[in-house]
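Here is the structure we will look at, set down as structure tokens.
Each ligand, and each atom within it, is numbered from 1 in the order the structure gives. For the numbers below, each heavy atom of this structure counts, side chains included, while hydrogens, waters and symmetry mates do not.
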Amino acid sequence: MTESHLPKDFLWGFATACYQIEGSPKADAKGDSIWDVFSHIPGKVWDGTTGDVACDSYNRTAEDIELLKSTGANTYRFSLSWARIIPLGGRNDPVNEKGLQHYVKFVDDLHAAGIEPLVTLLHWDLPNGLWERYGGYLNKDEFAKDFENYARVVFKAFGSKVKYWITFNEPWCSSILGFNVACHAPGRTSDRSKSDVGDSSREPWIVGHSLMIAHARAVKVYRDEFKAKDGGIIAITLNGDYAEPWDADDPLDVEAANRKLEFTYGWFADPIYHGKYPDSMRKQLGDRLPEFTAEEIALVKGSNDFFGINSYGDNYIKHKEGAPPPDDYYGNLEVLDQNKAGEWIGPETESVWLRPNPRGFRSLLNWLSKRYGGPTFYVTENGTSVKGENDLPREEILNDEFRCWFFRGYIGALADAYTLDGVDVRGYTGWSLLDNYEWHEGYRTRFGVTYVDYEGGQKRYPKKSAHEVGRIFAKYIKKD
Ligand code: PNW
């Protein structure tokens with residue numbers, strides 16, 4: 001029997017996103033993002049909190065780097081705040097050197113600590129200036145031009161210091177959660193009990209299309225103007241959990257499970273790897289799903305140097321009968337936690353949408369690898385919340401055996417996918433380095449391997465998992 005392993009030069013570490021950890025929303029002339037605005041609207045966030053302070057990471061970069069070092073990590077994934085770099089966001093708006101240099105210094109400090117930076121250009125916090133000016137992602141042409149300009153400013157400032165770039169984090173969330181479910185900024189939906197504005201049947205698909213074009217344009221800029229001298233690679237990070245049939249003997253459930261993966265991953269990955277949207281999406285959405293022009297698809301096809309994936313849990317999928325309502329975004333199916341036999345897909349966590357199942361993660365990597373011709377994968381997020389964690393005394397929070405179990409299972413599944421199935425995976429950043437602002441859930445849901453005491457001055461306390469992840473990778477990564 002083969003012992004599962006990971007390659008010698010494997011990158012591993014932890015991930016964060018700027019709005020979730022930085023705080024200091026006005027520091028050094030930063031502009032507002034749509035999340036600065038959204039989080040301050042009463043009723044949008046479960047505990048009424050905002051990211052105004054969060055983990056105070058904007059003022060604690062040295063502390064965060066020390067923390068990373070203490071875990072043994074060799075990689076850190078973080079995101080840049082576009083509104084710190086170009087406060088109003090647009091291509092004719094001024095660049096804010098202070099905001100830009102904050103991140104250049106951070107990257108220098110990471111290198112000095114022996115940590116490879118993996119940089120996300122946009123993790124949901126669109127400059128509010130662009131939202132107000134032309135509706136942000138709803139205006140494909142304006143948005144793509146402004147994103148391209150922002151990307152160029154950043155590529156130029158960092159040069160060869162950054163070798164791993166991610167254009168967007170999870171376009172699925174920006175589109176569906178922001179323009180249909182409305183739990184994320186800017187909170188638009190057809191559901192008039194939640195918002196006066198929005199069209200869930202059309203806007204998410206327009207937003208997704210804009211994000212694809214903007215991604216592809218930024219990639220083209222990097223390849224044409226920077227790649228030869230700076231030597232980095234660039235891609236988009238997609239999210240989605242694995243999907244298994246509710247009744248494995250029902251071909252309609254088997255088909256529905258596959259369709260769910262098409263509606264999450266395929267929506268963005270099919271155009272990049274196959275040059276078109278999935279047939280299942282075109283069939284259900286018709287002309288509500290935008291068409292690529294010949295010029296657009298030429299730009300989008302092939303626009304990934306690697307496949308970035310964020311995945312957490314697993315689900316059982318049951319097909320639905322009849323025609324789907326116009327706001328359906330999963331492909332006319334039910335997403336369930338139990339199968340026909342009543343078995344749970346995995347244990348409960350603090351997140352209603354997350355039930356871990358390591359076996360499903362291995363299956364997901366195989367599904368993606370097979371469908372997209374064996375690309376190189378970087379897992380850019382994977383982790384778990386813990387049911388009731390926030391209510392426990394600190395000593396018990398620090399002994400997060402459940403999270404350790406999660407990482408053992410998932411990293412083991414990753415090593416199995418690499419060794420036994422031939423999935424080409426080269427890196428992994430766990431979510432997250434720190435407990436942080438879990439968007440509309442506020443601070444109650446904790447994903448960190450480090451406990452952050454929000455009442456006690458944002459002091460950091462590493463949990464057991466902060467060290468366990470390193471021990472797990474030490475076991476799998478080849479030494480010679
Ligand atoms: C990711 N879902 O979001 C994000 O990239 C992080 O910023 C976030 O903190 C983390 O996961 C944990 O939630 C997701 O409902 C949020 O399937 C929700 C879903 C998926 C991803």
What are the distances between nitrogen or oxygen atoms of ligand 1 and protein nitrogen or oxygen atoms, counting only those under 3.5 Å?
residue, atom, partner, partner atom, Å
ligand 1, 3 (O), E170, OE1, 3.2
ligand 1, 5 (O), H123, NE2, 3.2
ligand 1, 5 (O), N169, ND2, 3.0
ligand 1, 5 (O), E170, OE1, 3.3
ligand 1, 5 (O), E170, OE2, 3.2
ligand 1, 5 (O), E381, OE1, 2.9
ligand 1, 5 (O), E381, OE2, 2.8
ligand 1, 7 (O), Q20, OE1, 2.7
ligand 1, 7 (O), H123, NE2, 2.9
ligand 1, 7 (O), W439, NE1, 2.9
ligand 1, 9 (O), Q20, NE2, 2.9
ligand 1, 9 (O), W431, NE1, 3.2
ligand 1, 9 (O), E438, OE1, 2.7
ligand 1, 11 (O), Y312, OH, 3.1
ligand 1, 11 (O), E381, OE1, 3.3
ligand 1, 13 (O), E438, OE2, 2.5

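No more than 12 heavy-atom neighbours from other residues, nucleotides or ligands sit within 6.0 angstrom of NZ on K340.
Under the ring pair (Phe, Tyr, Trp, His ring centres under 6.0 Å) criterion, H274 pairs with Y372, sequence neighbours left out. Every residue two or more places apart in sequence or in another chain that forms a ring pair (Phe, Tyr, Trp, His ring centres under 6.0 Å) with W12 is listed here: F473. Applying the side-chain contact (heavy atoms from CB on, under 4.5 Å) criterion to D279, with sequence neighbours excluded, gives K276.
Checking each of E438, E350, E389 against R444 for a salt bridge (Lys or Arg N to Asp or Glu O under 4.0 Å) leaves exactly one that passes, namely E350.
Cation-pi geometry between R394 and Y461 is met: under 6.0 angstrom from the ring centre, within 45 degrees of the axis.
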